[in-house]
Student: 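Pasting a structure here, questions to come.
Only heavy atoms go into these numbers, but all of them, side chains included; no hydrogens, no water, no symmetry mates. In this chain, residues are counted from 1 in sequence order.
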Amino acid sequence: MFISYAQTGEDVVLWRALGSVDAGRYVEVGANHPSEMSVSRGFYEHGWSGVTIEPVPGFAEMHRAERPRDTLVEAAITDDDVETVTLHEIPGTGLSTLVDSVSDRHGTAGWEHQDIEVPARRLDAVLAEHLSPEDPIHFMTVDVEGAEARVLASIDLGVWRPWVLVVEATSPLSAAPTHEEWEPVLLDAGYEFCLFDGLSRFYVAKEHAEALAAKLAYPACPHDVYETRASRDSRLERNELLADVLRWRSVALEGWARQAQRGGASAAEVDALRREIEAMRQTISWRVTAPLRALRGRSTR
């Protein structure tokens with residue numbers, strides 16, 4: 001079962017197209033938290049790895065601790081010829097930004113920020129340090145809270161050819177589109193638009209369009225076999241609580257059965273108690289294994 005961690009099911013769409021790739025590679029620009037609203041976390045759990053780029057020190061430290069197979073680059077990506085850049089950090093959120101106007105809007109909305117200096121890198125340079133152009137990048141995401149154009153201006157897409165590009169395409173905390181600012185760069189580099197999911201736009205390299213474009217053309221839907229992280233965690237907690245309740249009830253019934261037997265209860269009464277215990281044990285098994293039966297049922301259709 002694929003577990004979706006992403007905000008709008010972006011990872012489900014990517015898994016539909018790329019799930020057959022064994023131990024694939026991703027690049028995440030603006031990796032943010034290593035699991036919460038992460039596009040790559042589900043792939044990491046299926047053996048993938050990649051280059052994750054995150055300028056916020058707290059999130060970078062969490063990535064290093066939780067995802068050791070990835071190569072974490074603690075920097076902001078920009079096409080400016082500078083060694084450092086000012087990041088308007090809103091601690092504990094995914095709203096930190098390099099863009100002054102975006103930070104000002106967040107401040108007006110009540111989000112407090114702190115300005116920190118972080119290393120600045122071009123995306124070209126980061127990729128050249130850790131990969132070669134012959135290494136396949138199966139997908140690359142760009143989610144940098146308004147600075148997407150700066151990121152895309154710092155990579156030569158004629159040299160580096162991610163199979164699929166996913167770029168946040170609305171102004172932070174808004175439905176206002178931003179793709180007109182940077183989309184011509186992708187189209188001129190031979191990328192074809194596939195999908196807008198309300199937040200991000202998906203593009204496929206023309207050399208992979210025949211195999212992947214149709215699979216990237218629609219958002220996550222009931223035809224995709226997946227479970228969200230929230231529903232998975234809720235199901236596991238529910239099953240654990242159910243098992244605890246039934247286990248303690250079973251213990252109590254067994255005690256009552258022994259007491260009844262010692263107190264001279266009839267054989268029929270003792271048998272009735274023991275049948276209830278056995279029925280309860282079967283109920284535990286049935287409910288806890290229900291998700292596995294459902295998955296087997298889907299796989300045989």
Student: With rounding to the nearest 0.5 Å, note down the distance linking CG in L186 to CZ in R201.
Tutor: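 With rounding to 0.5 Å, CG (L186) is 9.5 Å from CZ (R201).
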
Student: Stepwise, does the side chain to side chain contact (heavy atoms under 4.5 Å, CB included) test hold for L123 with M140?
Tutor: CA-CA 11 Å; L123 186 52; M140 183 171 78; 3.9 Å; yes

Student: Would you say I90 and H88 make side-chain contact, with heavy atoms under 4.5 Å?
Tutor: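 Heavy-atom side-chain distance check fails, nothing below 4.5 Å.
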
Student: Given the rule that I, L, V, M, F, W and Y join up when any side-chain heavy atoms are under 4.5 Å apart, are V164 and V13 in one cluster?
Tutor: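 Yes; tracing contacts between hydrophobic side chains, which count when under 4.5 Å, links both residues.
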
Student: Applying ring-ring contact (aromatic ring centres under 6.0 Å, His included), name anything that partners F2, two or more places apart in sequence or on another chain.
Tutor: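 Scan of F2 (ring-ring contact (aromatic ring centres under 6.0 Å, His included), adjacent residues dropped) gives W15, F43, H46.
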
Student: Check step by step if side chain to side chain contact (heavy atoms under 4.5 Å, CB included) holds for Y44 and Y5.
Tutor: CA-CA 11 Å; Y44 185 88; Y5 290 81; over 6 Å; no

Student: Identify the residue among T141, D143, T8, V166 that makes a side-chain contact (heavy atoms from CB on, under 4.5 Å) with V39.
Tutor: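 That would be T141; it is the only one of T141, D143, T8, V166 passing the side-chain contact (heavy atoms from CB on, under 4.5 Å) with V39.
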
Student: Nearest 0.5 Å, what's the CG-OH distance between L187 and Y203?
Tutor: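 Nearest 0.5 Å value for the CG-OH distance: 6.5 Å.
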
Student: Give a yes or no answer on whether the side chain of H138 reaches the backbone of R25 with a donor-acceptor pair at less than 3.5 Å.
Tutor: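 Yes; judged by distance alone, with no hydrogens or angles, the pair exists.
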
Student: Under 4.0 Å between a Lys/Arg side-chain N and an Asp/Glu carboxylate O for R41 and E28?
Tutor: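 Salt bridge flag = no for E28 with R41.
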
Student: Flag yes if more than 12 heavy atoms outside Q114 fall under 6.0 Å of its CD atom; otherwise flag no.
Tutor: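 Enclosed: over 12 neighbouring heavy atoms sit under 6.0 Å from CD of Q114.
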
Student: Calculate, to the nearest 0.5 Å, the distance between atoms CG and CD belonging to D124 and E129 respectively.
Tutor: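 Here the rounded value is 13.0 Å.
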
Student: Taking atom CG of D81 as the centre, does the number of heavy atoms from other residues, nucleotides or ligands within less than 6.0 Å exceed 12?
Tutor: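 No.
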
Student: Among T86, L87, D80, find the one that has a side-chain contact (heavy atoms from CB on, under 4.5 Å) with L98.
Tutor: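 Among the candidates, only L87 passes.
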
Student: If hydrophobic clusters are built by linking Ile, Leu, Val, Met, Phe, Trp and Tyr wherever their side-chain heavy atoms come under 4.5 Å apart, do L18 and V27 end up in the same one?
Tutor: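 Per the 4.5 Å side-chain linkage, L18 and V27 are not co-clustered.
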
Student: Is there a donor-acceptor pair under 3.5 Å between the side chain of T84 and the backbone N or O of P119?
Tutor: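 No; zero donor-acceptor contacts below 3.5 Å.
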
Student: For the backbone of D104 and the side chain of T108, can you confirm whether one donor and one acceptor N or O come within less than 3.5 Å of each other?
Tutor: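 Between the backbone of D104 and the side chain of T108 there is a qualifying donor-acceptor contact (under 3.5 Å).
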
Student: Does CD belonging to E112 count more than 12 external heavy atoms closer than 6.0 Å?
Tutor: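 Atom CD in E112 is not packed in, count stays at 12 or less.
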
Student: Indicate, with yes or no, if L216 and W48 share a hydrophobic cluster defined by side-chain heavy-atom contacts under 4.5 Å among Ile, Leu, Val, Met, Phe, Trp and Tyr.
Tutor: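 Yes.
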
Student: Output the distance between atom CZ (R105) and atom CH2 (W111), rounded to the nearest 0.5 Å.
Tutor: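 Going from the CZ atom of R105 to the CH2 atom of W111 covers 14.0 Å.
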
Student: Are any non-hydrogen side-chain atoms of H106 and H113 less than 4.5 angstrom apart?
Tutor: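 Not in contact.
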
Student: Any chance you could lay out the side chain to side chain contact (heavy atoms under 4.5 Å, CB included) test for R64 and E54, step after step, and finish with the verdict?
Tutor: CA-CA 11 Å; R64 293 189 188 98; E54 174 54 48; over 6 Å; no

Student: Any chain of hydrophobic side-chain contacts (each under 4.5 Å) joining V159 to L152?
Tutor: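 Yes, it is one cluster - the side chains of V159 and L152 are joined through contacts under 4.5 Å.
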
Student: Check P57 against E74 and note the closest heavy-atom contact, atom names and distance.
Tutor: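 Nearest pair, atom of P57 first, then E74: CA-OE2, 3.5 Å.
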
Student: Without swapping roles, check the side chain of E61 against the backbone of F59 for a donor-acceptor pair under 3.5 Å.
Tutor: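 Checking the backbone N and O of F59 against the side chain of E61, no donor-acceptor pair under 3.5 Å is found.
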
Student: State, with a plain yes or no, whether a side-chain heavy atom of Y26 is found less than 4.5 Å away from one of T52.
Tutor: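 Yes. Closest side-chain heavy atoms under 4.5 Å.
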
Student: May I ask you to check whether over 12 heavy atoms, not counting those of D22, lie within 6.0 Å of atom CG?
Tutor: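 No, CG of D22 has 12 or fewer neighbouring heavy atoms, counting only those of other groups under 6.0 Å.
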
Student: Compute both the distance and the angle, then confirm whether R16 meets the cation-pi test with Y226: under 6.0 Å from the six-membered ring centre, within 45 degrees of the axis.
Tutor: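 Cation-pi check for R16 and Y226: fails.
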
Student: What's the verdict on side chain to side chain contact (heavy atoms under 4.5 Å, CB included) for L199 and E168, showing C-alpha distance, side-chain angles and the deciding distance?
Tutor: CA-CA 6 Å; L199 180 66; E168 189 171 67; 3.7 Å; yes

Student: Any non-hydrogen side-chain atom of R150 less than 4.5 Å from a side-chain atom of I77?
Tutor: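 With C-beta onward as the side chain, the pair stays apart.
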
Student: At what distance, to the nearest 0.5 angstrom, does CZ of R67 lie from OG of S35?
Tutor: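 The CZ atom of R67 sits 8.5 Å away from the OG atom of S35.
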
Student: Are any non-hydrogen side-chain atoms of L157 and P162 less than 4.5 angstrom apart?
Tutor: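 Touching, per the 4.5 Å side-chain cut-off.
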
Student: Can you label the angle between the W163 ring and the H208 ring as parallel, tilted or perpendicular, going by 30° and 60°?
Tutor: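 Rings of W163 and H208: parallel, under 30°.
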
Student: Would a single hydrophobic cluster contain both L95 and V102, if residues Ile, Leu, Val, Met, Phe, Trp and Tyr are joined by side-chain heavy-atom contacts under 4.5 Å?
Tutor: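 Each belongs to a different hydrophobic cluster.
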
Student: Evaluate the side-chain proximity of E10 to D197: yes if any heavy-atom separation is below 4.5 Å, no if none is.
Tutor: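 In short, these two side chains touch, coming nearer than 4.5 Å.
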
Student: Once you round to the nearest 0.5 Å, how far does CG of D11 lie from OG of S40?
Tutor: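 One finds 9.0 Å between CG of D11 and OG of S40.
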
Student: Quick one: are N32 and S38 in side-chain contact, heavy atoms under 4.5 Å?
Tutor: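 Result no, sub-4.5 Å side-chain heavy-atom pair not found.
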
